[in-house]
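Nothing here was measured: the structure is a model prediction, and the numbers come from that model.
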Amino acid sequence: MATFRAEVFQNEFLPDGGTDVHAIVTVSAEGVGGAATTGGGVAEIIMIDTSGSMTGPMLAAAKHAAQVAVDHIPDGTWFAIVSGSHVAQRVFPYPNAPVAIVQMEPAAREEAKRAVSRLGAQGGTAMSTWLRLADQIFATQPAATQRHAILLTDGKNESEPRAQLTSTIQAVTGRFQCDARGVGERWQVDELREIATALLGTVELIADPADIARDFQSLLRTSLSRGVADAQLRVWTPQGGQVLFVRQVAPTVEDLTSRRTAVTPLIGAYPTGAWADESRDYHVAVRVPSKNVGAEQLAARVQVAVADEVVASGLVKAAWSDDASLTARISPEVAHYTGQAELASVIQEGLAAKAAGDEATATVKLGRAVQLAAETGNDEATSKLRRVVEIDDEEHGTVRLKRGASRLDEMALDTASTKTSRVRR
C-alpha cells in the first residue's frame with residue numbers, strides 16, 4: 001500500500017510587522033508499486049515527427065526507437081502510435097480500424113512494429129494537431145486513468161502560429177502527461193518546454209539519433225513505475241491569508257501557482273501528476289496578516305491528496321518575535337531552492353539574450369548562473385555552463401562568452417536549466 005509523508009522545513013520566526021512565510025515541503029512516497037497495466041488503467045501514446053526534415057538516418061533511428069518502445073510496453077497496456085507533420089495521423093491502430101486504441105498483446109505488438117516500419121517523411125510541423133489527436137485517442141478509453149505520451153520532434157513548429165500551439169496545450173492540460181524530446185539542433189527548446197511544463201512531463205535534448213531508443217526505454221520505465229496515477233498538493237491558508245506561490249523545486253523547477261483549482265474558499269489544489277517511490281520538494285510561500293510580537297499562528301497546512309483522500313499533511317507556522325537572532329535566520333532549504341529557481345531563470349534569460357545578439361546581458365546573466373551553480377552545489381549546471389562560457393572567477397560570476405560554442409551545447413544547457421540539486425541535509 002502506498003504511503004506518503006510530508007516534512008516541512010522553515011524558519012517560523014517573523015519580525016514585528018512581518019507577513020511572508022516561506023517553507024520547503026518534502027513529499028515522499030513509498031510502497032507505490034508499478035502502474036496497473038493488467039487492469040486496463042494505463043495508456044501510452046507515442047508521437048513521432050514525420051515531417052519532411054525527418055529523413056534518412058534521423059527517421060530510421062526514430063522508427064527503430066518506436067519499435068523498441070513497443071517491445072517494452074507490457075501486455076494489457078492501452079497504446080497507440082501517432083505520426084505527426086503539419087497534420088496528425090493515427091498509425092496504429094490503423095486509421096481504418098474501428099477502435100482508436102488497443103490493449104497490448106503479442107499480435108498487436110508485431111502489427112504495430114510493421115506499421116512503424118512503413119512511416120515516411122513529408123510535410124511541415126504543427127504539433128498542436130499531434131496533441132489534439134492524442135487527447136482524442138485517450139478520451140476513447142476513460143477506464144485508463146493513467147495516461148502518458150512521448151513526443152519526439154527534430155524541428156520547429158513552423159506550420160502554425162505559436163498561439164495555436166499554446167491554446168491547444170491549454171485545452172489538453174490535465175488530461176494526460178507528456179514527455180517531450182528534441183533530436184538534433186533544429187528544434188526550439190521553448191516550444192517543447194511549454195508542452196512538457198503544462199503536461200507535467202520533462203523536456204530533453206537527444207543530440208545523437210542513435211540514443212533515441214535508449215531514451216524511449218527510460219521514459220517508459222519511469223512511466224510504468226508510477227503506481228499512483230495522480231496526486232494533488234493542497235494548500236490551506238487562514239482567513240485573510242494569501243498564497244504567494246507554489247513551486248516544485250526538486251527534482252526540477254516547475255511553477256504550479258497558476259494551476260490552482262479551488263477545493264474550498266481556503267484550500268487550493270495543485271497538480272503533481274503520477275508518482276512512483278520517490279520524493280519531491282515544493283517551495284510554498286504564503287502571506288498572512290501581521291500579528292503582535294509573541295503571537296503564533298498556523299500560516300498554512302500543506303496536504304497530499306490521492307483520489308480526494310488526504311494521505312499526508314504538514315504544518316507551516318508563523319511566530320512573531322523581536323529577537324533578531326531568530327528572525328534573521330534563513331532556512332537553509334529555503335535559501336538553497338531560492339537560488340536554484342533563480343539559476344534556472346538566469347540561464348534561460350542569458351541564452352535568450354545571446355540568441356538576440358545582446359552579448360552584454362548574456363554575459364551578466366550567465367555569470368550570475370555560474371555564481372549560483374557554485375553556491376548551490378549544482379555541478380551538472382556548472383559543467384554545462386563551462387561549454388558556453390569561459391569562467392574567470394566562479395565566486396564572483398566573472399565570465400566571458402565562449403566563441404564558437406556549439407548550438408547543441410547551448411541547447412543542452414537550456415533544457416537542463418530547470419534540473420536542481422537536492423539540498424544537503
**Q** Using modelled atom types only, decide if a donor and an acceptor are shared between the side chain of Gln371 and the backbone of Glu395 within a distance under 3.5 Å.
**A** yes
**Q** Taking the six-membered ring for Trp and the full ring for Phe, Tyr or His, determine whether the centres of Phe79 and Phe92 are under 6.0 Å apart.
**A** yes
**Q** Say whether Ser279 and Arg422, considering side chains only, have a donor N or O and an acceptor N or O under 3.5 Å apart.
**A** yes
**Q** Just by distance, with hydrogens left out, do His22 and Asn11 show a side-chain donor and acceptor under 3.5 Å apart?
**A** no
**Q** Could you list the residues that satisfy side chain to side chain contact (heavy atoms under 4.5 Å, CB included) with Gln10, not counting sequence neighbours?
**A** Val8, Glu12, Val21, Ala23, Val316, Lys317
**Q** Does one side chain, of Glu44 or Thr77, offer a donor that lies under 3.5 Å from an acceptor on the other?
**A** no
**Q** What verdict does the side chain to side chain donor-acceptor pair (under 3.5 Å) test give for Asn157 and Thr125, after you've listed the backbone C-alpha separation in whole Å, the side-chain angles of each residue and the deciding distance to 0.1 Å?
**A** CA-CA 5 Å; Asn157 196 54; Thr125 304; over 6 Å; no
**Q** Out of curiosity, Ile45 CD1 to Arg147 CZ, how far, rounded to the nearest 0.5 Å?
**A** 9.0 Å
**Q** Could you tell me whether Arg407 and Glu410 have a side-chain N and a carboxylate O separated by less than 4.0 Å?
**A** no
**Q** If you compare all heavy atoms of Ala276 against all heavy atoms of Ala29, which two are closest, and at what distance to 0.1 Å?
**A** O-CB, 3.5 Å
**Q** Answer with yes or no whether the side chains of Asp215 and Ser218 bring together a donor and an acceptor at under 3.5 Å.
**A** no
**Q** Looking only at the side chains, is there a donor atom on one of Ser51 and Asp49 sitting less than 3.5 Å from an acceptor on the other?
**A** yes
**Q** Would you call the rings of Phe138 and Phe176 parallel, tilted or perpendicular, taking 30° and 60° as the class edges?
**A** tilted
**Q** Give a yes or no on whether a salt bridge exists between Asp135 and Arg132, defined as a side-chain N under 4.0 angstrom from a carboxylate O.
**A** no
**Q** Just by distance, no angles: are the side chains of Thr50 and Ser83 close enough, under 3.5 Å, to form a donor-acceptor pair?
**A** yes
